[in-house]
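Some notes on the structure that comes next.
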Amino acid sequence: MQKKEIRKPELLAPAGDMEKLRIVINYGADAVYLGGESFGLRAKAKNFTSEEMEEGIRYAHSHGVKVYVTCNIFAHNSDLKAMEEYFCRIADMGADAVLIADPGVFYTAKKAAPSLPVHISTQANNTNYMSAEFWKNLGAERIVAARELSLGEIREIAQNTDIEVEAFVHGAMCISYSGRCLLSAYFTGRDANRGACTHPCRWKYYITEATREGEFLPINEDERGTYIFNSKDLCMIEHIPELVESGICSFKIEGRIKTAYYGAVTVKAYREAIDDYFKSPALYEQKKTCYLEELKKASYRGFTTGFYFGRPDSSSQIYDNSAYIKNYDFIGLVKEYDEENGTALIEQRNKFSVGDKVEFLCADGEGFEQSIDAITDSHGEPADSAPHAQELVRIKTAKAVKCMDIMRRKNNRREK
Ligand code: SF4
């Protein structure tokens, strides 16, 4: 096996809508992935209209960031005609690649827009270097490694092919094989493979006995509970050196339907971890706990390293409930900062009041804590609180802030 030159990986972030796109770009993403109104595997995400996609691509490119458009459904015959037009439109907009799982969709894209680079989605179950070679020979530029691969297996793929290898490093895990799952279609008629998963893997289950209709028997796994399919979230921030050394060219964060706040926190943490590691591995080692602590300030379900270091065991699942751990609330987004009087115009995202202790998460540099001493409402009048969603108020900040910095407040609860 030939050892390849080690390069700084791309940090690839989810962009569920325009705001999330702007935020993850400002917090340090090198590339974003997003879905159009059709053919992506996140029907519940807001997704981008044609106009928004065009604007998003323009915005990303003006910041030197690439845009990959997801088109990773398993298509039916009736989808194909519209897909051809869709690929032509995406190519015209200047997207940097399209993400595909289905060979028929791949062929359609190659026919309709031959110059549009194609990445092969994790849904295509890229589990070995021969299938990577197969896709490369057909003209794909990148594969996304199946989530069921160990680090050793990914390394072997990267060393045995020239195709780029992208891998998930953070976010929710499917309990089913790379998302190939019938639970949602079976229970609700909404097909996970066409972007409409209702997440039944997170539901609470009972068993029933055939002759005892209506009697629901609890399933006690080690007497801890009944959430038998409920995986913890993937988190690889403590393993950046191993990921880099394996030859993965793109570190992907899951979560197009997560909040803009989640995007900001995860992108900033991985940005710092990758940059620090490339500056000095010792610096990275020293700050490892800080990155992890920062990630815990976004919602999560406990962390696991998934399949990277072997098969996940019982510690990779949560048995007692399906709620997120949410240690902080996203309460405001900075829209502008007035240097003269040291005040920030804040767009409210959750109610906050005078006297609250808050923390600023800054896209560039260190965040800081402070108390809110006074609030001025949109009419210039003093107010006790900012109770209305998206209302614009002013507060004095302890340090200078910038547009898209985030104001958050500590809490301690679990949330569905
Ligand atoms: S139900 Fe769960 S395992 Fe199945 S596709 Fe949806 S998220 Fe994945």
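Please read all numbers here as calculations on a predicted model, not as lab measurements. Just follow the structure's listing: the first ligand is 1, and inside any ligand the first atom is 1.
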Task: Stepwise salt bridge (Lys or Arg N to Asp or Glu O under 4.0 Å) check, E254 with R147 - done: CA-CA 12 Å; E254 180 275 345; R147 296 195 209 195; 5.8 Å; no
Open item on the list: With heavy-atom distances below 4.0 Å as the criterion, list the atoms of ligand 1 near H199.
Closed with: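 Answer, ordered by atom number: 1 (S), 7 (S).
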Open item on the list: I'd like to know: is atom 8 (Fe) of ligand 1 within the 2.8 Å range of an N/O/S atom from C201, strictly under that distance?
Closed with: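 Of the N, O and S atoms in C201, none lies under 2.8 Å from atom 8 (Fe) of ligand 1, which means no.
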Open item on the list: Taking only non-hydrogen atoms of P200, do any sit less than 4.0 angstrom from ligand 1?
Closed with: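 P200: in contact with ligand 1 (<4.0 Å).
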Open item on the list: Tell me if the centroids of the rings in H239 and F309 come within less than 6.0 Å of each other.
Closed with: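 Yes, they do, as the ring centres are separated by less than 6.0 Å.
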TODO: Taking the six-membered ring for Trp and the full ring for Phe, Tyr or His, determine whether the centres of F251 and H170 are under 6.0 Å apart.
DONE: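 No, they do not, as the ring centres are separated by 6.0 Å or more.
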Open item on the list: Does this structure show an ion pair linking R349 with D329, if we count only N-O contacts that are shorter than 4.0 Å?
Closed with: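 The answer is no: the pair does not qualify as a salt bridge.
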